[in-house]
Q: 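Take a look at this one; I'll ask things after.
The structure presented is a predicted model; accordingly, all values stated were derived computationally and were not measured. In what follows, every heavy atom counts, from backbone to side chain, and hydrogens, waters and symmetry copies are set aside.
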Amino acid sequence: MKKSTNFLPNRIVIFLLIALLLLVAVVSAKDLLAPQDAAASKEPGGSAVFAPPPYIEEVRAGVTVISDLVYEEDSGALLDIYIPENRDEAVPIILWIHGGGYVGGSKDSRRDYAMTLAHDGYLVANMDYGLAPEQLYPGPVLQANAALEYLQRHAADFGGDMNRIFIGGDSAGAQIASQLSAVLSNSGLAGAMGIQPAVDSENVRGALLFCGLYNMATVRDTGFPNIDYFLNTYTGTAEFENFADIQELSTVRHITGDFPDTFISAGDGDPLAPQSAEFASMLTAAGAEVETMFFQGTDKNLQHEFQYALDTLDGQETLARTLDFLSIKSR
């Protein structure tokens, strides 16, 4: 009877010990899986889920992919080329620059989107670039110009027409794309940065800018998650506003009448949306033709990078408008 009396308490103790051991194991595993450098794990917050369009298999079947071409010998930087299979003549070219806060991201994450553009009749060069802190500003801008130089030499081999060039990007990539567009169209900025433009500005038919940042004097006020971390790391400073060349990154300061016509988009729930609205307004004032999709007043609450959610109606509508812009400016 004594043994029977102690049996239930003993079982409870054993179950409690097992539960405690499981809890310790879970916590330990979480610590092991967590990044050792917490700052290095920061990514832009509130981003949309990347999803291909419903017809992605048709896209993949209709696009030839040439991966990992070295466009810059010194760094070994790579780009992919996506070529539409059904073409009767040389097609317009799109250089695409991925986002990721200057510290992350890659061309691979933009592959489905870039292939979707190619499927509509464009040769798309989807580029990687050196990430901060290993590569600091102005490295990515220089590399984007080097990618254009590579295309100048080789695009015809792939069926591309360098007389019809578009430069596009998202988030940090949109800022780089806008700055490259400014370098190509503003000799003063090109001279200040020591860049010899790889192509003539008249051959740049347009810019595609999604959810970017264009005014470094006001970008902190947007409250975008980790914006100080991204820009501090990119500029190699403790406070990016004190970086000696910070105004070079403010594309709003370098617009001229030669800046390419632009399609610019941001979600109504994106903290960076005011940056796009300001930039669009200044482009219009300078005489550039501007197409915008901001969804202001719709209460859709479309987040940062919603353009890549191609399984949604808003993502599909923005893609359709993007393709309309490309078609018109390619003529």
Q: Under a 4.0 Å threshold between the charged nitrogen and the carboxylate oxygen, would Arg153 count as salt-bridged to Glu149?
A: yes
Q: When you compare the side chain of Ile167 with that of Leu148, does any pair of heavy atoms fall below 4.5 Å?
A: yes
Q: Taking C-beta and beyond as the side chain, do Gln179 and Pro140 meet within less than 4.5 Å on heavy atoms?
A: no
Q: Transitively linked via ILVMFWY side-chain contacts under 4.5 Å: Ile176 with Leu283?
A: no
Q: Is it true that Leu209 and Leu272 fall in one hydrophobic cluster, defined by side-chain heavy atoms closer than 4.5 Å?
A: no
Q: Tell me whether Val252 is reachable from Leu180 by hopping between hydrophobic residues (I, L, V, M, F, W, Y) whose side-chain heavy atoms are closer than 4.5 Å.
A: no
Q: Scan for ring-ring contact (aromatic ring centres under 6.0 Å, His included) pairs involving residues 156-203, sequence neighbours excluded, and state none if there are none.
A: none
Q: Do Phe263 and Thr318 make a side-chain contact, defined as non-hydrogen atoms from C-beta onward lying under 4.5 Å apart?
A: yes
Q: Between Asn232 and Ala238, what is the shortest heavy-atom contact and its length?
A: ND2-O, 3.0 Å
Q: Heavy atoms only: give me the nearest Tyr122-Ser330 pair and the separation to one decimal.
A: CE2-OG, 3.5 Å
Q: Hydrophobic cluster membership, with links at side-chain heavy-atom distances under 4.5 Å among I/L/V/M/F/W/Y: are Tyr214 and Val204 in one?
A: no
Q: In plain terms, say whether Arg205 and Asp261 are close enough for a salt bridge, that is, a side-chain N and a carboxylate O under 4.0 Å apart.
A: no
Q: Are Ile264 and Phe294 side-chain neighbours, meaning at least one heavy-atom pair lies under 4.5 Å?
A: yes
Q: Can you tell me which residue among Val124, Thr322, Asn126 is in a side-chain contact (heavy atoms from CB on, under 4.5 Å) with Tyr113?
A: Thr322
Q: Indicate the atoms forming the closest heavy-atom contact of Phe279 with Ile255, along with that distance.
A: CE1-CD1, 3.4 Å
Q: Taking atom OG of Ser106 and atom CG of Leu131, what is their separation to the nearest 0.5 Å?
A: 8.5 Å
Q: I'd like to check Tyr234 versus Leu136 (side-chain heavy atoms, cut-off strictly below 4.5 Å). Are they in contact?
A: no
Q: Say you draw a straight line from OG1 of Thr237 to CD1 of Ile246; how long is it, rounded to the nearest 0.5 Å?
A: 7.0 Å
Q: Strictly distance-based, threshold 3.5 Å: is any side-chain N or O of Ser181 a donor or acceptor partner for the main-chain N or O of Ala177?
A: yes
Q: Tell me the closest heavy-atom pair linking Ser178 and Gln175, and the distance in Å.
A: OG-O, 2.8 Å
Q: Specify the closest pair of heavy atoms between Ala174 and Gly212, including all atoms of both residues, with the distance to one decimal.
A: CB-CA, 3.8 Å
Q: Is it true that Arg220 and Glu239 have a side-chain N and a carboxylate O under 4.0 angstrom from each other?
A: no
Q: side-chain hydrogen bond (donor to acceptor under 3.5 Å, both in side chains) between Gln316 and Asp314: does it pass, once the steps are laid out?
A: CA-CA 5 Å; Gln316 292 167 10; Asp314 296 309; over 6 Å; no
Q: What's the verdict on side-chain contact (heavy atoms from CB on, under 4.5 Å) for Asp258 and Leu184, showing C-alpha distance, side-chain angles and the deciding distance?
A: CA-CA 9 Å; Asp258 294 325; Leu184 298 176; over 6 Å; no
Q: For residues 192-200, dump all side-chain donor-acceptor pairs below 3.5 Å to protein atoms at least two apart in sequence or in another chain.
A:
none

Q: Does Asp268 reach the main-chain N or O of Lys300 with its side chain, forming a donor-acceptor pair under 3.5 Å?
A: yes
Q: Where do Ser201 and Ser185 land on the side-chain hydrogen bond (donor to acceptor under 3.5 Å, both in side chains) test, with the steps shown first?
A: CA-CA 5 Å; Ser201 61; Ser185 58; over 6 Å; no
Q: Would you say Asn186 and Phe259 make side-chain contact, with heavy atoms under 4.5 Å?
A: no
Q: Show me the donor-acceptor pairs, under 3.5 Å and distance only, between side chains in residues 88-101 and residues at least two apart or in other chains.
A:
{"residue": "Trp96", "atom": "NE1", "partner": "Asp170", "partner atom": "OD1", "Å": "3.4"}
{"residue": "Trp96", "atom": "NE1", "partner": "Tyr308", "partner atom": "OH", "Å": "3.1"}

Q: Kindly write out the residues that satisfy side-chain contact (heavy atoms from CB on, under 4.5 Å) with Ser75, not counting sequence neighbours, or none if the list is empty.
A: Glu72, Ala77, Gln143
Q: Count the heavy atoms of every other residue, nucleotide or ligand shown that sit under 6.0 Å from CZ of Arg253, and state whether that count exceeds 12.
A: no
Q: Does Asp157 CG have over 12 foreign heavy atoms under 6.0 Å away?
A: yes
Q: Below 6.0 angstrom between ring centroids: does that apply to Tyr102 and Tyr137?
A: no
Q: If only side-chain N and O atoms count, and only distance matters, is there a donor-acceptor pair under 3.5 Å linking His304 with Asp270?
A: yes
Q: Please check: side-chain N/O of Ser109 versus main-chain N/O of Gly105, any donor-acceptor pairing under 3.5 Å?
A: no
Q: Is there a donor-acceptor pair under 3.5 Å between the side chain of Asp311 and the backbone N or O of Pro53?
A: no
Q: Do the non-hydrogen side-chain atoms of Phe50 and Glu305 ever get within less than 4.5 Å of each other?
A: yes
Q: Please lay out, stage by stage, how Phe306 and Phe295 fare under the test side-chain contact (heavy atoms from CB on, under 4.5 Å).
A: CA-CA 11 Å; Phe306 83 92; Phe295 297 90; 3.4 Å; yes
Q: Kindly compute the distance separating CG (Leu323) from OG1 (Thr116), expressed to the nearest 0.5 Å.
A: 9.0 Å
Q: Can you name the residues that form a ring-ring contact (aromatic ring centres under 6.0 Å, His included) with Tyr71, not counting sequence neighbours?
A: none
Q: Considering residues at least two apart in sequence or located in another chain, which fulfil the ring-ring contact (aromatic ring centres under 6.0 Å, His included) criterion with Tyr82?
A: none
Q: Is there a path of hydrophobic side-chain contacts, each under 4.5 Å between heavy atoms of I/L/V/M/F/W/Y residues, joining Phe243 to Leu142?
A: yes
Q: Enter the distance from Glu317:CD to Met293:CE here, rounded to the nearest 0.5 Å.
A: 4.0 Å
Q: Looking at every non-hydrogen atom in both residues, tell me the closest pair between Gly62 and His119 and how far apart they are.
A: CA-CD2, 4.2 Å
Q: In terms of side-chain heavy atoms, does Thr222 have a donor or acceptor partner in Gln275 at a distance below 3.5 Å?
A: no
Q: Check step by step if side-chain contact (heavy atoms from CB on, under 4.5 Å) holds for Leu69 and Leu78.
A: CA-CA 5 Å; Leu69 297 168; Leu78 304 174; over 6 Å; no
Q: Just verifying a value: how many Å separate Lys329 NZ and Thr262 OG1, rounded to the nearest 0.5 Å?
A: 9.0 Å
Q: Is it true that Arg87 and Asp161 make a salt bridge, defined as a side-chain N closer than 4.0 Å to a carboxylate O?
A: no
Q: Are Ile66 and Asp80 close enough that some pair of their side-chain heavy atoms sits under 4.5 Å apart?
A: no
Q: Report the C-alpha distance between Asp120 and Leu326 in whole Å, list the side-chain angles of each, state the deciding distance to 0.1 Å, and finish with yes or no for side-chain contact (heavy atoms from CB on, under 4.5 Å).
A: CA-CA 10 Å; Asp120 212 67; Leu326 288 167; over 6 Å; no
Q: Roughly how far, to the nearest 0.5 Å, is the CZ atom of Arg321 from the OG atom of Ser265?
A: 8.5 Å
